Amino acid sequence: MKIGIMLSDVGLGDQSFSDSAFKGLVRARDELGILFDYREIKDTKTYEKGLTELVKQGNDVIVGLGFMVQEDLEKVAKKYPKQQFVLIDAVSNLQNVSSITFKADQGSYLAGVVAALTTKSNVLGFIGGDDVPTIQQFSEGFQKGAKAVKPNITIIEKYAGNFGDDKLGSQITKQMIAQKADVIYAAAGFTGVGMLKEAQKEKVLAIGVDTDQYFYAEKAVVTSMLKHVDVALFEIAAQLTKKGVVTKKQQELGIDENGVGLAPIRVVSLTKEQEDRLKKEKEKLTNGNY
């Protein structure tokens, strides 16, 4: 069985979304015997060209990674109605496209709880890669979680308009620190990596995204909001090996489905009371009461 994937805008080395997807496919290759190939926009120039190449290569399933791939993926899916596609992070109504989305607001809610429990200034920062619904979901969850703990907390929000610029991430972080933010969360791909490193340099706390990003700034990263894209890709491969097709038309993965969660708490030590509060807020999510 063969899977082709069109990676999201920054591609491999983004240290979050694309790298996580790649990890899931490597696991599927090693454990399930899947073959896979990938395309990056830096080589193909358009998503449409990369997706078309993957169709012509004879892949059983072709994955489009990220909401920004949707328009081109749907163009190609209409041209090849017998080809099976999977769109990650957005929902398509086309018959030959399955969709997988994540309840990023749930994971971000827990990130907001941690940020509110660890801030000393009562000012938090949120950096989004782009001002679009998928990223707004991160911000909304983060704000809701923080305000559940401290209703009067201040949250500075900024959209970078770029997922691939670590220098811009660093610059925005400096501005937020100047406004007293001492815990910053970014859903911004490689732009967010710039935030992590600047936070470490300026001795404030940071929260990573998509994968466990502790190792990029070991003195700053308290936790990361995990979006298990690797788990989703492995599940696609498992469906493919068992049934020959991706059997589920639409999946939305949250806390209950192990689609999102938090990396271990590091750098700071939570008190027993704080740990209990985090646990209580997580239980709210699993009960659907937040």
Side-chain angles (χ1 to χ4, degrees), residues 16-17 20-21 23-24 27 67 86-91 98-119 124 126 128 133-151 153 155 157 183-187 192 205-214 221-236 238-239 246-290:
S16 62
F17 202 48
S20 180
K23 180 183 163 192
R27 183 183 160 210
F67 64 88
V86 175
L87 178 61
I88 305 236
D89 242 13
V91 176
S98 297
S99 303
I100 299 176
T101 54
F102 297 85
K103 295 176 183 173
D105 56 325
Q106 289 190 341
S108 298
Y109 180 92
L110 295 179
V113 170
V114 171
L117 290 172
T118 51
T119 180
L124 309 178
F126 172 80
T134 305
I135 303 301
Q136 288 160 5
Q137 198 184 21
F138 287 84
S139 174
E140 285 159 14
F142 182 65
Q143 296 202 37
K144 209 168 179 181
K147 286 177 179 177
V149 177
K150 292 182 177 173
I153 202 162
I155 300 157
E157 181 183 65
V183 187
I184 302 171
Y185 174 46
L205 300 177
I207 296 174
V209 77
D210 293 340
T211 59
D212 186 350
Q213 293 189 313
Y214 169 71
V221 178
V222 180
T223 186
S224 298
M225 197 291 275
L226 302 178
K227 191 167 163 183
H228 293 299
V229 183
D230 55 334
V231 175
L233 265 292
F234 186 81
E235 170 62 21
I236 288 167
Q239 287 174 38
V246 177
T247 51
K248 294 175 184 171
K249 174 70 181 152
Q250 192 173 336
Q251 298 175 73
E252 190 180 27
L253 308 177
I255 289 279
D256 293 341
E257 299 81 15
N258 191 32
V260 297
L262 283 187
I265 305 287
R266 303 180 176 106
V267 183
V268 299
S269 297
L270 298 185
T271 64
K272 174 74 168 64
E273 187 186 355
Q274 288 173 326
E275 282 177 3
D276 289 347
R277 182 62 190 269
L278 181 57
K279 189 177 172 188
K280 181 183 158 194
E281 295 298 334
K282 188 173 180 180
E283 282 165 5
K284 273 192 203 173
L285 291 178
T286 56
N287 297 329
N289 294 330
Y290 83 109

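Being a predicted model, the structure only gives us computed values, none of them experimental.
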- Message: Whether Asp276 and Lys272 form a salt bridge (side-chain N of Lys/Arg under 4.0 Å from carboxylate O of Asp/Glu) is what I want to check.
- Response: yes

- Which pair of non-hydrogen atoms, one from Gln106 and one from Leu285, has the smallest distance, and what is that distance? O-CD1, 3.4 Å

- Test applied, side-chain contact (heavy atoms from CB on, under 4.5 Å); reference residue, Val222; option that passes from Leu270, Leu117, Val268: Val268

- Message: Quick check: closest heavy atoms across Ile207 and Met225, and the distance to 0.1 Å?
- Response: CG2-N, 4.3 Å

- Query: Among all residues two or more places apart in sequence or in another chain, which pass the side chain to side chain contact (heavy atoms under 4.5 Å, CB included) test with Thr134?
  - Reply: Phe67, Asp89

Donor-acceptor pairs under 3.5 Å, side chain of residues 248-259 to any protein atom, not counting sequence neighbours: which ones?
| unit_1 | atom_1 | unit_2 | atom_2 | d |
| --- | --- | --- | --- | --- |
| Lys249 | NZ | Leu94 | O | 2.4 |
| Lys249 | NZ | Val97 | O | 2.3 |
| Glu257 | OE1 | Gly254 | N | 2.6 |

- Message: Which residues pass the side chain to side chain donor-acceptor pair (under 3.5 Å) test with Thr119, not counting sequence neighbours?
- Response: Asp182

- Which atom pair, heavy atoms only, marks the closest approach of Ala146 to Ala116? O-CB, 3.6 Å

- Message: Restricting to salt bridge (Lys or Arg N to Asp or Glu O under 4.0 Å), what partner residues turn up for Lys279, sequence neighbours left out?
- Response: none

- Message: To the nearest 0.5 Å, what is the distance between CZ on Arg277 and OG1 on Thr271?
- Response: 11.5 Å

- Message: Distance check, rounded to the nearest 0.5 Å: Glu283 atom CD versus Leu278 atom CG?
- Response: 10.0 Å

- Pairwise side-chain contact, Val267 with Thr118, heavy-atom cut-off 4.5 Å (strictly under): no

- Could you tell me whether the side chain of Thr223 and the main chain of Ile265 form a donor-acceptor pair under 3.5 Å? no

- What residues, two or more places apart in sequence or in another chain, satisfy ring-ring contact (aromatic ring centres under 6.0 Å, His included) together with Phe138? none

- Item | Minimum heavy-atom distance between Gln213 and Ser224, given as atom pair plus value | N-OG, 3.0 Å

- Between Thr211 and Leu226, which heavy-atom pair has the shortest distance, and what is it? C-CD2, 3.5 Å

- Message: Applying ring-ring contact (aromatic ring centres under 6.0 Å, His included), can you list everything that pairs with Tyr185, at least two apart in sequence or on another chain?
- Response: Phe126, Phe142

- Query: Who pairs with Thr286 by side chain to side chain donor-acceptor pair (under 3.5 Å), at least two apart in sequence or on another chain?
  - Reply: none

- Rounding to 0.5 Å, atoms CD1 (Ile155) and CD1 (Ile184) come to a distance of 12.5 Å

- CG (Leu124) and CD (Glu157) are apart, to the nearest 0.5 Å, by 12.0 Å

- Note on the structure: Residue set satisfying salt bridge (Lys or Arg N to Asp or Glu O under 4.0 Å) with Lys23, at least two apart, ordered chain then number -> Asp230

- With sequence neighbours excluded, residues passing side chain to side chain contact (heavy atoms under 4.5 Å, CB included) with Ser269: none

- Query: Sequence neighbours excluded, which residues qualify as side chain to side chain contact (heavy atoms under 4.5 Å, CB included) partners of Glu140?
  - Reply: Gln136

- Task: Would you please name every residue forming a side chain to side chain contact (heavy atoms under 4.5 Å, CB included) with Ser98, sequence neighbours left out?
- Result: Gln84, Val86, Val246

- Query: How about Val183 and Val114: do any of their side-chain heavy atoms sit closer than 4.5 Å?
  - Reply: no

- Note on the structure: Heavy-atom closest pair (Val260 atom, Lys227 atom, distance to 0.1 Å) is CG1-CA, 4.4 Å

